[in-house]
Protein chains: 2
Amino acid sequence: MFKRFKIPEATIGRLTSYSRFLKEADEKGVTTVSSQQIARATGVTPAQVRKDLAYFGEFGTRGVGYNPRELYNYIMKILGLDRRWSVAIVGAGHLGTALSLYKGFAERGFDITCIFDADPEKIGKKIAGLEVRSLEELSQKVKEYNVELGIVAVPAAAAQEVVDIMVGAGIKGIINFAPVNVSVPEDVVIRRVDLASQLEYLTYHLGETR
Amino acid sequence: MFKRFKIPEATIGRLTSYSRFLKEADEKGVTTVSSQQIARATGVTPAQVRKDLAYFGEFGTRGVGYNPRELYNYIMKILGLDRRWSVAIVGAGHLGTALSLYKGFAERGFDITCIFDADPEKIGKKIAGLEVRSLEELSQKVKEYNVELGIVAVPAAAAQEVVDIMVGAGIKGIINFAPVNVSVPEDVVIRRVDLASQLEYLTYHLGETR
DNA sequence: ACATGTTTGTTAATCTTTTAACAATATTTT
DNA sequence: AAAATATTGTTAAAAGATTAACAAACATGT
């Protein structure tokens with residue numbers, strides 16, 4: 001689509017931040033913002049902002065700045081957020097439940113459309129208006145709801161198996177909250193989010209400074 | 001402590017992975033592992049494993065490998081996990097509740113000792129055996145429970161205010177789940193975890209490949 | 001219309017991180 | 001006991017990412 005050359009991983013994360021700030025600015029009625037303003041609001045340098053955007057094209061006007069709404073729309077398109085996405089969650093424990101109910105997903109275009117769990121105790125329960133289903137139904141429901149993204153919120157020991165089922169059902173992007181590395185075919189994008197590891201980042205740095 | 005020179009950010013995250021694998025290996029009774037085995041299990045290259053470890057010292061034996069238990073202990077010490085940490089959560093919504101109940105924290109040495117919320121409706125409720133308290137009590141309870149780490153699970157609009165209160169109470173490390181950049185004094189370590197952004201990473205990459 | 005001041009897009013320089021290569025050291029085999 | 005094999009720690013090379021600098025382009029004021 002845009003990708004003329006390789007884009008730094010971190011750039012993608014920053015585009016998310018930029019877009020949130022731009023939306024706010026637009027809603028406040030602001031008609032131009034500078035790379036400096038974007039930078040200050042998102043905690044990076046102005047040069048970084050311009051570089052990140054330069055990977056994808058020219059979106060501003062020299063001597064002036066950027067139009068928030070326009071730039072917002074561009075970034076959302078770059079991120080693939082110019083449409084909505086259907087997401088399945090596997091794991092109806094505390095984390096899976098919280099993620100099912102999390103408002104922040106819908107705001108960015110992600111609709112949680114089905115929830116699965118292996119535990120018969122949990123099957124049939126309603127979460128966020130959705131019935132928890134067995135893993136056997138996953139493949140069928142994924143087709144029914146056009147699910148393209150999956151969230152894994154199961155214990156580490158079950159993660160690989162669940163991911164295999166998801167991949168088998170045709171899911172192409174997966175977030176794995178289990179603290180374990182799982183493998184997927186080349187054409188599937190996977191990302192691990194290790195919550196405890198985030199706290200460990202803090203303790204490491206606290207140890208460092210004394 | 002160890003830090004003789006600057007350590008890559010990503011190294012810290014990988015040490016977490018290594019340590020989990022090493023613990024497992026040790027529990028299985030394995031007495032030596034190679035950088036290659038660690039690498040395969042955690043999805044990196046053997047050279048990366050050795051380089052990461054080399055920042056902190058020499059932990060292996062040439063021609064042989066590493067002792068899982070020993071290396072595990074070293075890494076846990078590097079990460080500051082050779083003791084337990086007391087953690088406060090602010091925000092008793094779905095996410096805050098799930099995080100309070102999440103078993104993965106305790107396993108890695110993090111004890112959630114208090115939960116706070118601004119909403120009077122939530123105050124007094126019990127979560128994971130803990131009473132939800134008002135923000136006014138935060139400072140006192142942080143002292144009482146020796147809290148050093150904080151988790152922010154409140155709406156974006158409230159995040160900066162909550163972080164200010166935490167910092168005022170002496171908390172030195174903060175995870176911010178609100179999708180907004182907040183500022184802290186130099187001696188406070190902060191890390192933002194944006195859940196929607198994780199999904200956006202997927203959609204970006206899916207768009208890329210067609 | 002010209003000079004002054006802004007702010008982008010881009011190129012070059014710097015800094016950081018990863019990968020590769022290999023000498024040093026241990027183990028196993030013959 | 002020597003040769004072959006394995007695996008680390010370390011150094012050098014390559015790749016990747018960030019920062020800095022500045023020409024190009026626009027706006028404003030005189």
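A note on names: the letters A, B, ... follow the listed sequences, proteins ahead of strands, and every chain is numbered from 1. Any value given below was found using the heavy atoms of this structure, including those in side chains, with hydrogens, waters and symmetry copies removed. Since the structure is predicted, the reported quantities are computational estimates derived from the model, not experimental observations.
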- Task: Please state how far atom CD in B:E70 lies from atom C1' in D:dT8, giving the value in whole angstrom units.
- Result: 14 Å

- Regarding A:D26 and A:Y72, is there a side-chain donor-to-acceptor distance under 3.5 Å anywhere? no

- Protein-nucleotide distance (B:I7, atom CD1; C:dT16, atom C1'), rounded to Å: 12 Å

- Message: Tell me the interatomic distance from B:Q48, atom CD, to D:dG16, atom C1', rounded to whole angstroms.
- Response: 13 Å

- Query: Can we say B:R83 and B:E148 salt-bridge, meaning some charged N sits less than 4.0 Å from an Asp/Glu carboxylate O?
  - Reply: yes

- Which whole-number value in Å describes the distance from B:E9 CD to C:dT17 P? 8 Å

Per-pair distances, 0.1 Å, donor-acceptor, side chain in residues 149-156 of chain A, under 3.5 Å, sequence neighbours excluded:
none

- d(CG, A:N67; C1', C:dT7) in whole Å: 15 Å

- Is there a donor-acceptor contact under 3.5 Å linking the side chains of A:Q198 and A:D194? no

- Query: Looking at A:S35, does any N or O in its side chain come under 4.0 Å of the phosphate oxygens OP1/OP2 on C:dT8?
  - Reply: yes

- Message: Can you work out whether B:Q37 or B:E58 has the more 5'-proximal nearest nucleotide on DNA chain D?
- Response: B:Q37

- Query: Could you give the CG-to-P distance, from B:L71 to D:dT8, as a whole number of Å?
  - Reply: 10 Å

- Query: Can B:R191 be said to sit on top of A:Y201's aromatic six-ring, NZ or CZ under 6.0 Å from centre and within 45° of the ring axis?
  - Reply: yes

- Message: Quick check on C:dG9: is either OP1 or OP2 less than 4.0 Å from any side-chain nitrogen or oxygen of A:Y66?
- Response: yes

- Is the phosphate of C:dT17, meaning OP1 or OP2, less than 4.0 Å from a side-chain N or O of B:K6? yes

- Message: What is the separation between atom CD on B:Q36 and atom P on C:dT19, rounded to the nearest whole Å?
- Response: 15 Å

- Task: Rounded to the nearest angstrom, tell me the gap between atom CG in A:D52 and atom P in D:dT18.
- Result: 7 Å

- Side chains of B:R108 and B:S19: donor-acceptor distance under 3.5 Å anywhere? yes

- Which parts of nucleotides 20-30 of chain D does protein reach within less than 4.0 Å, heavy atoms only, written one letter per nucleotide 5' to 3' as B for base, S for sugar-phosphate only and - for none? BB--BBBS---

- First locate atom CD1 of A:I12, then atom OH of B:Y204, and finally report the distance between them rounded to the nearest 0.5 Å. 4.0 Å

